[in-house]
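Below is one structure; the comments refer to it alone.
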Amino acid sequence: MATASSVLDQKLSRSPGRLGMLIFGAVFLVGILYAGSSLLRDLGTVHSESILPYVLLGVALLVALGFEFVNGFHDTANAVATVIYTHSLEPHIAVVWSGFWNFLGVLASSGLVAFAIISLLPVELILQVGSKAGFAMVFALLVAAIIWNLGTWWFGLPASSSHTLIGSVIGVGIANQLINGRSGTSGVDWGQAKNIGWSLLLSPVVGFGCAFLLLLAAKALIKDAKLYTAPEGAEPPPFYIRCLLILTCTGVSFFHGSNDGQKGMGLIMLILIGTVPTAYALNHAVTFKDSQDFIAVSIQAADTLTKYVDPNASVADAHDDVTAYIRDKNFTANTMLALRTLVSDIGNETALYKEMKNIPNDRVRNFRNDLYIISEALRLMKKNGQPAISAADAAILANYKKHIDHSTRFIPLWVKVAVAMALGLGTMVGWKRIVVTVGEKIGKSHLTYAQGAVAEITAMATIGAADGFGLPVSTTHVLSSGIAGTMAANHSGIQWSTVRNLALAWVLTLPVAMLLSGSLFWLFRRTF
């Protein structure tokens with residue numbers, strides 16, 4: 001045990017070497033040049049007499065990428081802990097390998113998680129994200145998350161970046177409503193928050209239970225004694241065990257990128273829409289055929305909604321009525337009329353300009369906002385089952401919503417590349433503290449090969465499933481609880497002081513993030 005520990009200490013203390021640094025530096029430079037050139041190309045379509053939007057854009061992007069950089073300290077480092085502590089890969093090779101698969105995961109991400117988090121934000125701040133209040137919201141969210149993530153990293157606690165960001169979002173929502181004199185709970189979509197909260201709450205329980213059962217199953221079915229022994233010296237495990245451990249590390253890294261990378265993407269898109277709406281408010285990849293299809297399904301959706309309009313309903317401002325419904329969740333007879341009016345107006349406007357890319361610059365932001373509130377209203381109507389809509393009509397409205405989301409819920413490739421670079425750089429800088437906690441301080445004995453593989457398989461499956469449902473989960477919580485589950489199944493003993501600290505960080509993350517973000521939002525609103 002002493003020999004294994006001393007070997008690990010030596011490995012963890014090694015520098016990556018000049019060649020490794022040069023390779024990473026070259027990849028990082030190419031990624032940044034690509035992201036920067038793509039951003040500049042997009043900004044070439046923007047004409048502004050003031051330099052202020054560009055300054056705000058630069059600062060906000062740096063802060064958003066800073067959040068992903070710190071996220072790399074925590075969550076990405078978890079993926080490499082088991083391959084390092086079983087000598088399957090050298091530490092710096094493991095970090096680079098994990099970073100590569102994180103990058104691919106980010107590129108393959110669907111965007112569902114990003115927009116699930118955004119839908120928690122107060123609708124009026126999303127619609128006015130280019131205003132002072134909108135920027136106060138974005139900066140409060142990101143700065144609060146960075147402060148808490150840095151603090152927990154400093155103490156080597158694998159806290160959840162997902163948990164932190166969700167807490168920050170809820171804190172801003174409550175603060176916004178209190179500032180505006182409404183009920184403090186009306187600014188948060190508590191139904192969506194509950195779904196995300198359950199995913200964050202249950203994921204560590206699932207991680208512990210599945211890893212516990214999976215290790216017991218492996219012991220019953222696979223009789224190779226080497227699989228259940230701890231590494232000795234610096235020797236790597238047998239070939240097939242090593243392949244298994246590298247495969248599971250790869251899977252966790254990929255699914256971590258596809259899930260956690262999206263959190264920053266959603267906020268970056270809000271920043272881009274707020275500062276340079278003419279370039280990013282609408283998806284420029286929408287073709288002429290797509291626009292014509294949208295016009296056709298808009299007519300179909302408007303006709304469908306007409307069936308459910310109360311003849312006695314009246315609307316003063318359709319946009320305001322639908323926005324109020326999204327904010328207050330109070331469906332009235334006027335809501336359906338307002339929604340039908342918006343759908344019809346948007347379809348007519350698109351038909352007038354033939355293509356979405358022809359929408360005049362001074363109309364782009366409002367056009368996008370109308371699309372956003374239509375999509376959110378349709379989501380809430382389906383979720384709440386109010387009003388009752390036939391299955392055939394619901395299918396028509398779902399198809400219409402799909403067309404809207406194609407136009408507004410998109411993430412440019414350069415944003416994904418920038419987020420992947422920030423995650424990778426953060427992992428390279430801060431991986432060691434979290435790796436040591438996961439590898440040494442959860443169980444009382446060294447990880448066996450089977451324990452490492454089982455914990456990674458559990459994390460990979462849990463994160464992949466959550467990504468498919470568009471729910472954010474914590475790589476940190478799932479993997480840490482998975483390792484604890486294997487220790488319990490193996491009767492290896494658990495270091496309860498570490499588990500207590502992890503649980504304390506888990507319990508405190510939500511209220512601390514809410515308090516930090518709410519306070520910062522109030523401060524930024526008053527200051528700017």
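Using modelled atom types, one side-chain atom of Thr335 and one backbone atom of Thr332 make a donor-acceptor pair closer than 3.5 Å. Remark: side-chain polar atoms of Asn283 are not paired, donor with acceptor, to backbone N or O of Phe410 under 3.5 angstrom. Checking side-chain atoms of Ser168 against main-chain N and O of Ala144 turns up no donor-acceptor pair under 3.5 Å.
Separation of atoms CG (Leu107) and CD1 (Ile411) is listed at 11.5 Å; rounding is to 0.5 Å. One distance of note links NZ of Lys416 with CE of Met421; it measures 14.0 Å at 0.5 Å rounding. Considering CD1 of Ile373 and OH of Tyr325, their distance stands at 12.5 Å, rounded to 0.5 Å. Atoms CE and CG, on Met137 and Leu142 in that order, are 9.5 Å from each other to the nearest 0.5 Å. A distance of 5.5 Å separates CG in Leu378 from CG in Leu339, rounded to the nearest 0.5 Å. Interatomic distance, Phe208 CZ to Ile483 CD1, rounded to the nearest 0.5 Å: 12.5 Å.
Heavy atoms only, all atoms of each residue included: Ser258 and Ser109 are closest at O-CB, 3.5 Å. Between Glu68 and Met265, the shortest heavy-atom distance links the atoms OE2-N, 4.3 Å. Considering all non-hydrogen atoms of both residues, Val252 and Ala459 come closest at CG2-CB, 3.9 Å. Considering every non-hydrogen atom in both Leu371 and Ser407, the closest pair reads CD1-CB, 4.4 Å. When all heavy atoms of Met269 and Pro412 are compared, the closest pair comes out as SD-CD, 3.4 Å. Closest of all the heavy-atom pairs between Trp414 and Ser38 is CB-CB, 3.5 Å.
Note on ring orientation: taking the six-membered ring where Trp is involved, the planes of Phe294 and Tyr400 are parallel (angle under 30°, cut-offs 30° and 60°).
For the side-chain contact (heavy atoms from CB on, under 4.5 Å) with Phe367, the lone residue among Thr350, Thr408, Asp345 that qualifies is Thr350.
For residues 510-528, no pair satisfies side chain to side chain donor-acceptor pair (under 3.5 Å), with sequence neighbours left out.
Inter-residue side-chain proximity for Arg340 and Leu337 is flagged as met; some heavy-atom pair is nearer than 4.5 Å. Between Leu413 and Tyr34 the shortest side-chain heavy-atom distance falls below 4.5 Å. By the 4.5 Å heavy-atom criterion applied to side chains, Asp42 and Tyr280 are counted as neighbours. Considering only heavy atoms from C-beta on, Lys357 stays 4.5 Å or farther from Leu282 through its side chain. A 4.5 Å side-chain heavy-atom check between Asn384 and Phe331 finds every atom pair outside the cut-off. Under the 4.5 Å side-chain criterion, counting only non-hydrogen atoms from C-beta, Val417 is in contact with Phe103. Contact annotation: the side chain of Asn102 never approaches that of Phe254 to less than 4.5 Å [non-hydrogen atoms, C-beta and beyond]. A heavy-atom distance below 4.5 Å is not found between the side chains of Gln386 and Met381.
With salt bridges taken as basic N to acidic carboxylate O contacts below 4.0 Å, one links Arg409 and Glu376.
For Asp362, the side chain to side chain contact (heavy atoms under 4.5 Å, CB included) partners at least two apart in sequence or on another chain are Pro360.
No hydrogens or angles considered: nothing links the side chains of Thr278 and Asn361 as a donor-acceptor pair under 3.5 Å. No donor-acceptor contact under 3.5 angstrom links the side chains of Ser344 and Thr341, judged on distance only.
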Full working for side-chain contact (heavy atoms from CB on, under 4.5 Å) between Asp370 and Arg363: CA-CA 11 Å; Asp370 285 346; Arg363 272 288 300 149; 4.3 Å; yes
Trace of the side-chain contact (heavy atoms from CB on, under 4.5 Å) decision for Phe69 with Ile146: CA-CA 9 Å; Phe69 174 75; Ile146 289 171; over 6 Å; no
Candidate pair Ser98 and Ser253, rule side chain to side chain donor-acceptor pair (under 3.5 Å), full reasoning: CA-CA 5 Å; Ser98 176; Ser253 300; 2.8 Å; yes
Derivation and outcome, side-chain contact (heavy atoms from CB on, under 4.5 Å), residues Val63 and Phe139: CA-CA 8 Å; Val63 176; Phe139 282 117; 3.9 Å; yes
Derivation of the side-chain contact (heavy atoms from CB on, under 4.5 Å) call for Leu305 and Val343: CA-CA 9 Å; Leu305 292 172; Val343 170; 3.9 Å; yes
